Amino acid sequence: MTLILDPDDPAGWREAPSAPSATASSRLTDGLNPEQREAVEYRGQALLIVAGAGSGKTRVLTHRIASLIESREAWPSQILAITFTNKAAAEMRERVEVLLGDSASGMWISTFHSACVRILRREAEAIGLTSTFTIYDSADQRTILKRIIKELDADTLGFTPASAQAKISKLKNELADVESYARNANTSDPQEVMFLEIFRQYTRRLREASALDFDDLIAETVYLFRAFPKVASLYQRRFRHILVDEYQDTNHAQYALIRELTQPVPADRVVEMEQHGVNVAALTDASGGIPGASLTVVGDSDQSIYAFRGADIRNIVEFERDFPGAKVVLLEQNYRSTQNILSAANAVISNNFDRKEKKLWTADGDGDQITGYTGYTAHDEAQFVADEIEVLHRAGVAYRDIAVFYRTNAQTRALEEIFVRSALPYRVVGGTKFYERAEIKDAMAYLIAVANPLDELALRRILNTPKRGIGPATETALASFAEQNALSFRQAMRSADGLGLGPKVTGAITNLATVLDEAAAMLVPSAAGIAAGTNEGASKVSDALVFLLERSGLIDALRNSRDPQDETRAENVEELVAQTRDFDRENPGASLVDFLTQVSLVAAADELDDASGTVSLMTLHTAKGLEYHAVFLTGLEEGLLPHQMSASEPGGPAEERRLFYVGITRARKRLYLSLAMSRAQFGEVAVAMPSRYLQEIPEGLIDWRQSPGMATSRGGTQPRALNARRGYGQGGGGAWGTRDRDLERFSVTKSAAPKAEWANRVTGTVRDNGDLTLAAGDRIRHVDFGEGRVTQVTGEGTKRIAHVAFDTAGQKKLLIKIAPIEKL
DNA sequence: GCTCCGCCTTTATCA
DNA sequence: AAGGCGGAGC
């Protein structure tokens with residue numbers, strides 16, 4: 001019998017699993033190419049896997065983890081794997097479990113943010129937080145900064161909530177805090193002095209509310225480890241193998257965190273730990289210390305697209321210098337895309353100088369040409385996308401294997417309008433998220449106020465929601481009462497009796513305070529639960545939420561409102577209740593704080609549901625790490641991609657190119673590139689020019705259904721619109737269409753004349769047929785398709801769809817509510 | 001304190 | 001185009 005250390009087992013030891021058979025261990029490298037195999041099998045302190053797009057890095061990572069566990073080099077609990085999204089984490093766990101045929105429980109596979117929250121909740125008191133601290137999102141940050149800027153009159157110096165937020169975020173990502181910033185600040189610059197004051201107040205308010213923003217989650221964990229080396233040692237001892245995915249997108253704070261976690265534990269602290277009952281046997285080396293954890297990072301500097309949030313490409317470029325003796329493995333063979341798609345990607349990215357040469361290749365053949373299309377308007381472009389999706393669908397491609405990408409969330413509008421009208425099942429991933437709706441934030445604020453009574457932001461939000469007659473004057477009175485008596489806002493609410501306010505207002509405040517207190521009492525575990533450190537005896541999150549919604553009057557206010565939109569809002573709140581029920585069911589014994597944490601840390605990509613039969617719409621950023629049979633890259637125009645804002649930033653255009661590259665390499669078999677000649681922006685229509693990056697794709701690779709040149713010559717009103725120079729792209733060389741040969745190039749097309757039905761057919765207005773009811777057998781007339789007979793009606797409510805056999809236009813599906821039809 | 005109206009700005013990308 | 005904000009009127 002072999003005994004090995006299990007850090008999660010109270011006894012510290014347990015029997016090792018039976019020795020792996022030879023077949024089992026080779027199973028983990030079977031079917032891998034030599035480089036992948038090396039990446040799985042290499043053992044050493046530091047390993048960098050440079051993984052081109054689609055080169056099978058997730059496979060390599062999961063096999064590497066499984067191999068560490070199966071060879072008994074590590075227990076699951078000694079592994080920390082950092083992924084970019086929670087969904088990627090869940091997938092990775094699942095795949096490791098499949099490989100091991102066993103549960104991988106105890107393994108930490110999570111995002112940077114989730115891992116840090118987990119550590120911080122455990123150690124919160126060490127750094128002066130309550131363990132139920134709130135996580136503030138950007139909107140919360142903005143609200144606070146708006147108040148601060150207003151109080152300080154900082155807008156006169158040009159500060160906006162957005163600018164202050166960006167600057168604070170940038171500093172935190174560099175691990176700067178108020179003091180360190182103050183030390184280097186130029187005190188003769190009034191603007192800098194003002195910023196310092198904003199930063200200071202912002203920090204103070206978050207502290208007082210026991211709240212952290214997203215950037216704090218990482219930075220505070222680093223501070224924790226630096227200020228409390230003993231705490232750090234516990235995690236350094238625990239995690240023996242650390243693996244980081246998407247390493248090219250780590251920022252300095254994340255890099256510092258990894259550095260902290262991979263530090264060795266010195267011999268004297270090992271002795272100390274042992275005296276405190278921490279089992280360190282079998283972990284120490286000859287010096288008596290615990291060596292640093294082994295580090296594996298995976299990344300591709302060509303896919304670095306998060307410089308705006310502090311990602312530092314140097315982390316990956318200089319990995320070999322940071323970790324001397326590091327092994328580097330390069331994965332270039334692509335298993336995802338056709339050669340045509342890869343050639344386009346290679347051609348585009350090769351325009352970024354200052355990069356390590358890397359060429360993706362596949363053994364799977366050229367595949368189809370890339371399809372290009374230039375619409376006259378964004379709606380025209382969207383119609384092309386919708387029509388092509390229908391063609392793909394009829395050819396047997398499932399909707400869920402199709403994705404549409406764009407640079408900015410605002411671009412979804414035209415796409416959605418057309419998709420709704422075409423009765424295409426689609427889903428916007430991310431975008432205006434459910435949890436960002438005002439009514440959901442209100443309901444969540446009730447939960448937050450219960451979980452973290454110090455959170456003044458949440459309390460102020462619900463103070464007069466629903467309307468209780470508590471206005472700004474009362475709110476200010478409460479706040480100053482709290483300040484004068486050194487009370488929290490919540491305590492001040494409880495003692496509102498003594499404020500000399502009107503009886504109605506006073507009653508409203510104390511009522512709210514009572515409701516919150518009662519909900520808090522519901523959520524306290526039983527004595528037995530507390531003793532065991534579990535949540536036993538506490539009410540479920542859904543029960544607490546229902547209690548709060550009913551007792552606060554929030555749900556009634558929405559239901560009884562005469563504002564028609566409140567009906568939808570009430571439904572949304574009910575949807576939230578349903579979500580808490582799901583949460584309770586899927587996470588038995590989980591607490592309210594667990595729920596709030598999960599909600600705070602969902603990423604856009606986490607919402608993706610593989611089982612849904614819908615087309616996915618998302619930003620290029622969200623698309624990272626995903627792949628689809630068919631990909632539509634839309635809005636390929638100067639000003640959008642590259643985005644205007646990027647022009648002023650150093651390295652901006654190069655990063656935008658990488659974004660384009662990421663988009664291209666998501667496609668397996670079919671890639672569509674589209675743009676619009678004109679696009680409505682800020683309420684007016686602007687002429688758009690094709691993106692400079694389109695030029696970088698060798699011409700033979702694209703089959704233009706309608707090229708920019710053709711669109712111009714057919715468009716009529718502006719025969720030389722490609723020459724029209726607008727504000728951006730002043731840099732000459734990059735601006736497109738300034739030279740005749742560019743025009744000519746795009747005037748050449750191999751396909752037949754563009755389909756007339758796409759052009760200008762769609763306008764921005766949506767009609768509404770109200771409650772028009774149709775049944776199979778009805779005759780209708782359609783503006784474009786003429787007369788036809790309804791064969792079937794599917795769907796419900798506003799999403800009812802009529803299947804119509806038109807006399808001349810064939811079979812069509814129409815959304816009854818808005819289709820341009822009339823019943824005959 | 002609430003509500004309505006008109007003006008004004010605003011838009012990148014994310015955890 | 002749409003949401004946020006401030007002022008006017010109740």
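Every chain is numbered from 1 and lettered A, B, ... according to where its sequence line falls, protein lines coming before strand lines. Computed from a prediction, not measured in an experiment: that's the story for all the values here.
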- Has Lys146(A) got a side-chain N or O lying under 4.0 Å from the OP1 or OP2 atom of dG4(C)? no

- Item | Any Ile168(A) side-chain heavy atom under 4.5 Å of Leu145(A) side chain | yes

- Would you kindly compare Thr474(A) and Phe214(A) by the position of their nearest DNA chain B nucleotide and give the one closer to the 5′ end? Thr474(A)

- Check every atom of dG1(B), dA12(B), dC2(B) against the side chain of Lys467(A) and return the nucleotide holding the closest atom. dC2(B)

- Note on the structure: Looking only at dA12(B), dA15(B), dG1(B), the nucleotide nearest the Ala473(A) side chain is dG1(B)

- Message: Is there a side-chain contact between Thr622(A) and the phosphate of dC14(B), meaning an N or O under 4.0 Å from OP1 or OP2?
- Response: yes

- Message: When you compare the side chains of Thr134(A) and Asp455(A), does any donor N or O come within less than 3.5 Å of an acceptor on the partner?
- Response: yes

- Query: Of all the choices, dT3(B), dT13(B), dG1(B), which nucleotide is nearest to the side chain of Thr619(A) once you look at every atom?
  - Reply: dT13(B)

- Check whether any side-chain N or O of Asn86(A) sits under 4.0 Å from OP1 or OP2 of dA15(B), and answer yes or no. no

- Report yes if a side-chain nitrogen or oxygen of Ser138(A) is closer than 4.0 Å to either non-bridging phosphate oxygen (OP1 or OP2) of dA15(B); otherwise report no. no

- Note on the structure: Looking only at dT13(B), dC2(B), dA12(B), the nucleotide nearest the Ser646(A) side chain is dA12(B)

- Note on the structure: Per atom distances to the Arg413(A) side chain, the nearest of dA15(B), dA1(C), dG6(C) is dA1(C)

- Query: Of the candidate nucleotides dG6(C), dT11(B), dC14(B), which contains the atom at the shortest distance from the side chain of Ala410(A)?
  - Reply: dT11(B)

- Message: On the nucleotide dA15(B), are OP1 or OP2 found under 4.0 Å from the side-chain N or O atoms that Asn173(A) carries?
- Response: no

- Taking the inter-plane angle between the rings of Phe225(A) and Tyr235(A) on a 0 to 90° scale, is it parallel (under 30°), tilted (30 to 60°) or perpendicular (over 60°)? tilted

- Query: Checking Arg121(A) against Phe133(A): charged group under 6.0 Å from the ring centre and within 45 degrees of the axis?
  - Reply: yes

- Message: Any side-chain N or O of Thr85(A) below 4.0 angstrom from OP1/OP2 of dA15(B)?
- Response: no

- Task: Ignoring backbone atoms, test whether Asn409(A) places a side-chain nitrogen or oxygen under 4.0 Å from the OP1 or OP2 oxygen of dT13(B).
- Result: yes

- Identified salt bridge (Lys or Arg N to Asp or Glu O under 4.0 Å) partner of Lys624(A) from the options Asp245(A), Asp300(A), Asp249(A): Asp249(A)

- Task: Identify which nucleotide among dA12(B), dT3(B), dC14(B) has an atom closest to any side-chain atom of Arg407(A), counting heavy atoms from C-beta outward.
- Result: dA12(B)

